[in-house]
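See structure below.
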Amino acid sequence: MRVAMIGTGYVGLVSGACFADFGHSVVCIDTDESKIDRLKAGGIPIYEPGLDALVANNVRDGRLSFATDPAQAIAEADAVFIAVGTPSRRGDGHADLSYVHAAAAGIADLMQGFTVVVTKSTVPVGTGDEIERIIRERRPDAEFAVVSNPEFLREGAAIEDFKRPDRVVVGTEDERARDVMRELYRPLKLNETPILFTGRRTSELIKYAANAFLAMKITFINEMADLCEAVGADVQQVARGIGLDKRIGSKFLNAGPGYGGSCFPKDTLALVRTADDAGSPVRLVKTTVEINDARKKAMAGRVSQAAGDLKGKTVAILGLTFKPNTDDMRDAPSLDVVPALLAMGATVRAFDPEGMEEAAKVLGGDVTFVDGPYSAVEGADVAVILTEWDQFRALDLDRVKTLMKAPVMVDLRNVYRPDDMRSRGFRYSSIGRA
């Protein structure tokens, strides 16, 4: 099938490359000429394991291409995907749909013949209705169907998630559109992937509900971690004990400094605003948002508690991105922790395997970025593990201790065992463990 993908951000580029790998002909479209030029030259604007090879292979085989002019791609497409950003709107927390609406208007002007317009962006309930209204208003004669097809991609594992998903959700009641979507996802039948067809509004809500539930699960275990510290219990054993219950499951039960990233913060906030507007407030989700925001802001206090007054001291930060295997800095805990440490008078030296270029844009020139974990800890008064990259899981701890001015480690991801660290002579602090 012929696919036009509007937007070459995280969702658009991964989805476009994977559809091409399924055998479809895909054109990824973006108004950012420099990004398209980079993609045409073989560069990848985001870090996602395996994406560079996937893109290169499908470009070489002629199934994937990139363009700034959408006219031909949209006119020839069986399906046009909207995969543009929906950031939180400043001031009120609602999703900013300006890019979605602009994409819908552009599609209306260019599409020919029956076209399935697919919303891949994460959007509030009712957005598909508005897209349909925009297109119908501009093209009363057009044959089209607007479909919701939310993404459930984990950064760092996005290709695997696209090709072997738990489920595919498709929101439409148009039979021709269902046929197109079935054909697009036909390769997944080999894995017996469930394809759930729903109404469009139901599909839109499924995405928000899924992210809100996972965010609540993270926040729950973080609150249990605080309780564990108060009563002398071990949060990792608590997590395992409840996670073995199949009704609960073990995923998203890792205590830490709070959730971040491109999805959970903005999607939970947007769901709260949508629910308030509908007169049906989601109090659990609202409380989750408030607890998580407060938790991220409180993490710098744990560092000062472990190392004492930070004025004039050097803090080594290991990990800046919101999770490993990505360069994404959006709403990362480091964006709260690092400025707070600087405000306490600390000097901050940081290393992240992939995120330092993005981190430099948002953290400014007050942070010294170095080329490895040992450079970060050299002469430091305290080391802080903020992101659980694999290379931080097997540090030469004897070397770390020798390099540091004082052997103090604050492990906000529970990478190491308290007994082991203390036996090595570290003053060690972690989350929810004695």
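Computed from a prediction, not measured in an experiment: that's the story for all the values here.
- The shortest side-chain heavy-atom distance between L320 and M329 falls under the 4.5 Å cut-off.
- Heavy-atom contacts from other residues, nucleotides or ligands closer than 6.0 Å to CZ of R393 number more than 12.
- Side-chain N/O atoms of R60 and N57 include a donor and acceptor closer than 3.5 Å.
- Each of E223, K217, M224, M216 was compared with F220 under the side chain to side chain contact (heavy atoms under 4.5 Å, CB included) criterion, and only M224 meets it.
- Ion pair D161/R154 flagged as a salt bridge, since at least one NZ, NE, NH1 or NH2 atom sits closer than 4.0 Å to an Asp/Glu carboxylate oxygen.
- Between the CG atom of D30 and the CZ atom of F66 there is a distance of 10.5 Å, given to the nearest 0.5 Å.
- Taking OG1 of T122 as the reference point, atom CD of E151 lies at 5.0 Å (rounded to 0.5 Å).
- Side-chain atoms of N58 come within 3.5 Å of backbone atoms of L54 as a donor-acceptor pair (strictly under, hydrogens ignored).
- S430 and D411 form no side-chain donor-acceptor contact under 3.5 Å, judged by distance and modelled atom types alone.
- Atom CD of Q391 has more than 12 neighbouring heavy atoms from other residues, nucleotides or ligands inside a 6.0 Å radius.
- The aromatic rings of F19 and F162 sit perpendicular to each other, their planes meeting at more than 60°, with 30° as the lower class boundary.
- With respect to the salt-bridge test (charged N to carboxylate O, under 4.0 angstrom), the residues D245 and R247 qualify.
- With hydrogens and angles ignored, the 3.5 Å screen pairs a side-chain donor or acceptor of K323 with a backbone N or O of E155.
- The CG atom of N149 sits 11.0 Å away from atom OG1 of T172, with the distance rounded to the nearest 0.5 Å.
- One finds no salt bridge joining K40 and D37 here, because no Lys/Arg side-chain nitrogen approaches an Asp/Glu carboxylate oxygen to under 4.0 Å.
- A heavy-atom distance below 4.5 Å is not found between the side chains of T347 and V315.
- Put simply, CD1 on I242 and CD1 on I248 are 5.0 Å apart, with the number rounded to the nearest 0.5 Å.
- Between F264 and Y259, the ring-plane angle classifies as perpendicular under the 30° and 60° cut-offs.
- The NZ atom of K296 sits 11.5 Å away from atom CG of N222, with the distance rounded to the nearest 0.5 Å.
- With 3.5 Å as the limit, one finds a donor-acceptor pair spanning the side chains of K266 and T86.
- Within 6.0 Å of OH on Y99 lie no more than 12 heavy atoms contributed by other residues, nucleotides or ligands.
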* **Step-by-step salt bridge (charged side-chain N to carboxylate O under 4.0 Å, His left out) determination, D398 to K401** => CA-CA 5 Å; D398 291 333; K401 182 182 175 183; over 6 Å; no
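- Taking 4.0 Å as the cut-off between side-chain N and carboxylate O, R201 and E204 do not count as a salt-bridged pair.
- Put simply, the side chain of R63 never gets that close to the backbone of H24: no donor and acceptor are under 3.5 Å apart.
- Taking every heavy atom of both residues into account, V282 and L271 meet most closely at CG2-O, 4.1 Å.
- Aromatic ring pairs are classed by plane angle as parallel below 30°, tilted from 30° to 60° and perpendicular above 60°; the pair F351 and F392 is perpendicular.
- N191 and T193 form no side-chain donor-acceptor contact under 3.5 Å, judged by distance and modelled atom types alone.
- How far CZ of R164 is from CD1 of I159: 11.0 Å, rounded to the nearest 0.5 Å.
- Residue R240 places its CZ atom among 12 or fewer non-hydrogen atoms of other residues, nucleotides or ligands, all under 6.0 Å distant.
- A salt bridge links E229 with R302; the closest basic N to acidic carboxylate O contact falls under 4.0 Å.
- Under 4.0 Å is where a charged nitrogen must lie from a carboxylate oxygen, and between D96 and R90 no such pair does.
- In this structure, a donor-acceptor pair under 3.5 Å is present between the side chains of R433 and Y428.
- The shortest distance between side-chain heavy atoms of V382 and V303 falls below 4.5 Å.
- The cationic group of R399 lies under 6.0 Å from the six-membered ring centre of Y374 and within 45° of the ring axis, placing it in a cation-pi geometry.
- In this structure, R182 is positioned above the aromatic face of F197, its NZ or CZ under 6.0 Å from the six-membered ring centre and within 45° of the axis.
- A salt bridge links R330 with D328; the closest basic N to acidic carboxylate O contact falls under 4.0 Å.
- A donor-acceptor contact shorter than 3.5 Å links the side chain of R349 to the backbone of E378.
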